[in-house]
**Student:** 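Take a look at the following structure, please.
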Amino acid sequence: MANERMNLMNMAKLSIKGLIESALNLGRTLDSDYAPLQQFFVVMEHCLKHGLKAKKTFLGQNKSFWGPLELVEKLVPEAAEITASVKDLPGLRTPVGRGRAWLRLALMQKKLSEYMKALINRKDLMSEFYEPNALMMEEEGAIISGLLVGLNVIDANFCMKGEDLDSQVGVIDFSMYLKEGPIAKSSEEDVQITAILDQKNYVEELNRQLSATVNNLQTKVDALEKSNTKLTEELAVANNRIITMQEEMERMKDDSTLFSKGNKHDRTADGQTLSEVRKHLKEETQLRQDIEKELEVQIGMRQEMEMAMKMLDKDVCEKQDALAALRQQLDDLRALKHELSFKLQSSDLAVKQKTELNSRLEEKTNQMAATIKQLEQR
């Protein structure tokens with residue numbers, strides 16, 4: 001089992017590296033007919049099948065990697081969309097076909113590495129489907145999930161309607177990894193491209209996190225605006241009530257002045273009413289002051305949030321500029337790599353022509369030597 005895990009990990013490394021290099025050289029969106037992409041899915045299928053526990057059914061024992069993939073939507077909510085899409089595809093009849101469709105959709109979503117990492121981190125759930133020494137339960141599985149991060153630079157588009165994923169035969173074509181191209185001498189350019197791709201992935205991930213932070217801040221700002229509006233309405237209501245109470249107090253004063261000559265009982269009643277009105281007015285004034293303080297606090301928080309959003313927007317713009325510069329460097333390196341490849345092919349062709357010319361000259365020299373020998377004999 002250890003040898004099998006090591007071999008599968010090495011095959012995954014070769015497949016992912018070859019897929020990224022060929023996709024970057026191709027420079028377009030990949031489809032389901034692209035041979036390196038087909039081989040990558042075959043290798044991933046073998047990795048997911050390694051060490052699977054056989055489940056007994058009425059038709060015998062069945063090994064399918066669709067069961068572990070269904071768990072991803074419980075660990076990562078974003079995966080629920082592709083799981084539902086796979087279940088809704090009309091042409092899929094077997095769990096193997098659903099698993100293959102799931103892998104393709106996850107690659108299109110550029111979340112395959114994230115989903116695999118979430119699965120591998122939950123070995124308590126994976127033990128239901130895999131043997132203890134399976135690839136997905138060991139360190140090799142974590143290494144493969146890390147290698148899958150490089151596939152985020154690839155754009156793929158699959159049309160799975162009408163594609164027969166149930167009956168495909170998953171055989172690894174080793175001949176694709178035994179070919180040596182003329183670009184073997186440009187290792188420095190490959191290292192530079194790899195470094196730029198790593199920087200690009202880091203900047204994209206940082207940009208994604210900043211966008212999420214901006215969205216959270218925007219949600220908080222909206223909530224603060226709603227709270228601010230509500231407090232403003234309450235303040236306006238309190239002001240209206242205070243004005244009404246002041247008018248009522250003035251009216252009570254006038255009534256008290258007019259009826260000051262009345263009986264003592266009436267004066268006492270008016271005095272009690274006036275004290276109650278003053279007490280109520282004092283409470284309303286205190287409530288108004290509290291609301292104004294809370295409103296000032298909310299306004300300060302809103303200003304801080306707006307300042308934070310401006311700084312985040314500026315940071316996002318800087319990261320986008322850096323990403324554009326990295327993409328430009330990547331394009332320049334691609335052009336340089338193509339130019340070096342063309343020069344290398346041209347030099348190989350010139351060497352071949354000179355070799356052929358040298359061989360023809362040697363033949364002529366031999367012929368002339370034979371002719372001279374014949375002449376000397378004559």
Side-chain angles (χ1 to χ4, degrees), residues 16 19-21 23-30 72-73 75-83 85 104-118 121 145-158 189-231 295-337:
I16 293 171
L19 178 58
I20 293 174
E21 290 179 353
L24 292 177
N25 291 330
L26 190 63
R28 64 175 176 83
T29 303
L30 306 182
V72 179
E73 64 176 342
L75 305 176
V76 184
E78 298 176 2
E81 181 181 353
I82 63 174
T83 305
S85 301
R104 285 157 173 77
L105 290 176
L107 183 65
M108 287 174 57
Q109 204 179 29
K110 296 187 178 182
K111 293 293 184 66
L112 184 57
S113 172
E114 180 181 348
Y115 296 157
M116 290 294 104
K117 186 176 180 181
N121 289 338
S145 68
L147 293 173
L148 292 174
V149 176
L151 297 180
N152 292 341
V153 302
I154 294 177
D155 295 324
N157 188 15
F158 304 106
E189 287 77 8
D190 292 338
V191 172
Q192 292 178 358
I193 290 177
T194 304
I196 289 177
L197 288 176
D198 293 339
Q199 293 177 5
K200 178 176 177 288
N201 293 331
Y202 171 75
V203 173
E204 286 181 347
E205 183 65 26
L206 190 60
N207 193 9
R208 191 181 299 114
Q209 293 177 0
L210 288 174
S211 299
T213 307
V214 168
N215 293 332
N216 293 332
L217 289 175
Q218 186 63 43
T219 305
K220 292 181 180 179
V221 168
D222 294 338
L224 286 174
E225 287 180 351
K226 292 180 181 179
S227 177
N228 190 10
T229 304
K230 185 177 179 181
L231 288 173
L295 183 60
E296 290 177 356
V297 172
Q298 294 289 339
I299 291 173
M301 291 177 62
R302 180 180 176 183
Q303 291 176 351
E304 292 178 358
M305 296 291 286
E306 289 178 351
M307 182 64 66
M309 283 191 64
K310 289 179 181 178
M311 294 176 65
L312 280 173
D313 289 337
K314 183 180 179 181
D315 199 6
V316 168
C317 293
E318 292 178 355
K319 294 298 185 297
Q320 289 177 349
D321 294 338
L323 184 60
L326 287 173
R327 286 177 176 166
Q328 183 63 36
Q329 292 180 13
L330 183 59
D331 293 337
D332 295 340
L333 281 174
R334 284 180 185 168
L336 180 60
K337 190 173 182 179

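Values in this document were obtained by computation on a predicted structure and should not be read as measured data.
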**Student:** Test your reading of the model: is there a side-chain donor-acceptor pair from S227 to the backbone of A223, 3.5 Å cut-off?
**Tutor:**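 Not confirmed, S227 side chain does not pair with A223 backbone.
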**Student:** Supply the atom-to-atom distance M307 CE to L312 CG, rounded to the nearest 0.5 angstrom.
**Tutor:**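 One finds 12.0 Å between CE of M307 and CG of L312.
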**Student:** Using a 4.5 Å cut-off on heavy atoms from C-beta on, say whether the side chain of M108 contacts that of N157.
**Tutor:**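 In short, these two side chains touch, coming nearer than 4.5 Å.
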**Student:** Looking at L224, is its backbone amide N or carbonyl O close enough to the side chain of N228 to form a donor-acceptor pair, meaning the two atoms are under 3.5 Å apart?
**Tutor:**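 Side chain of N228 to backbone of L224, a donor-acceptor pair under 3.5 Å: no, none is there.
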**Student:** Determine, for K310 against D313, whether the closest basic-nitrogen to carboxylate-oxygen distance falls under 4.0 angstrom.
**Tutor:**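 Not counted as a salt bridge, because no side-chain N and carboxylate O are separated by less than 4.0 Å.
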**Student:** At their closest point, which heavy atom of A106 faces which heavy atom of Y115, and how far apart are they?
**Tutor:**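 Distance-wise, the nearest heavy atoms are CB-CD1, 4.0 Å.
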**Student:** Could R302 and E306 be called an ion pair, given the rule that one side-chain N must be under 4.0 Å from one carboxylate O?
**Tutor:**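 Looking at R302 and E306, the cut-off is met.
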**Student:** Between atom CG of L148 and atom CD1 of I16, what is the distance when rounded to the nearest 0.5 Å?
**Tutor:**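 L148 atom CG to I16 atom CD1 measures 4.5 Å (nearest 0.5 Å).
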**Student:** Tell me the closest heavy-atom pair linking Q109 and E81, and the distance in Å.
**Tutor:**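 Shortest heavy-atom contact: NE2-OE1, 4.3 Å.
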**Student:** Inspect the surroundings of NZ in K220 and state if more than 12 heavy atoms from other residues, nucleotides or ligands are less than 6.0 Å away.
**Tutor:**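 No, because the 6.0 Å sphere around NZ of K220 holds 12 heavy atoms or fewer from other groups.
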**Student:** Between CD1 of I20 and CG of L147, what distance do you get to the nearest 0.5 Å?
**Tutor:**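 Reported to 0.5 Å precision, the distance equals 8.5 Å.
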**Student:** Are L19 and L30 packed together at the side-chain level, in the sense that at least one heavy-atom pair is separated by less than 4.5 angstrom?
**Tutor:**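 Yes; the side chains approach each other to less than 4.5 Å.
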**Student:** Quick one: are K110 and D155 in side-chain contact, heavy atoms under 4.5 Å?
**Tutor:**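 K110 vs D155: side chains touch.
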**Student:** Rounded to the nearest 0.5 Å, how far apart are CE of M116 and CG of N121?
**Tutor:**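 The distance works out to 12.0 Å.
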**Student:** Ignoring hydrogens, what is the shortest heavy-atom contact between G150 and V153? Give both atom names and the distance.
**Tutor:**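 Nearest heavy atoms, G150 then V153: O-CG2, 3.1 Å.
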**Student:** Do other residues, nucleotides or ligands put more than 12 heavy atoms under 6.0 Å from M305 CE?
**Tutor:**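 Counting neighbours around CE of M305, more than 12 heavy atoms of other residues, nucleotides or ligands fall under 6.0 Å, so yes.
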**Student:** Roughly how far, to the nearest 0.5 Å, is the CG atom of L217 from the CE atom of M311?
**Tutor:**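 CG of L217 is found 11.5 Å from CE of M311.
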**Student:** Would you sort out whether D315 and K319 count as a salt bridge (Lys or Arg N to Asp or Glu O under 4.0 Å), showing the intermediate values?
**Tutor:** CA-CA 6 Å; D315 199 6; K319 294 298 185 297; 2.7 Å; yes
**Student:** On a heavy-atom basis, which atom in V76 and which in A118 lie closest, and how many Å separate them?
**Tutor:**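 Heavy-atom minimum between the residues: CG2-CB, 3.7 Å.
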**Student:** With respect to L105, which candidate in T83, I82, L112 satisfies the side chain to side chain contact (heavy atoms under 4.5 Å, CB included) definition?
**Tutor:**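 Exactly one option meets the side chain to side chain contact (heavy atoms under 4.5 Å, CB included) with L105, and it is I82.
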**Student:** Is a side-chain donor or acceptor of S113 paired with a backbone partner of S145 at a separation under 3.5 angstrom?
**Tutor:**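 Confirmed, S113 side chain pairs with S145 backbone.
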**Student:** Is it true that D222 and K226 make a salt bridge, defined as a side-chain N closer than 4.0 Å to a carboxylate O?
**Tutor:**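 No, D222 and K226 are not salt-bridged.
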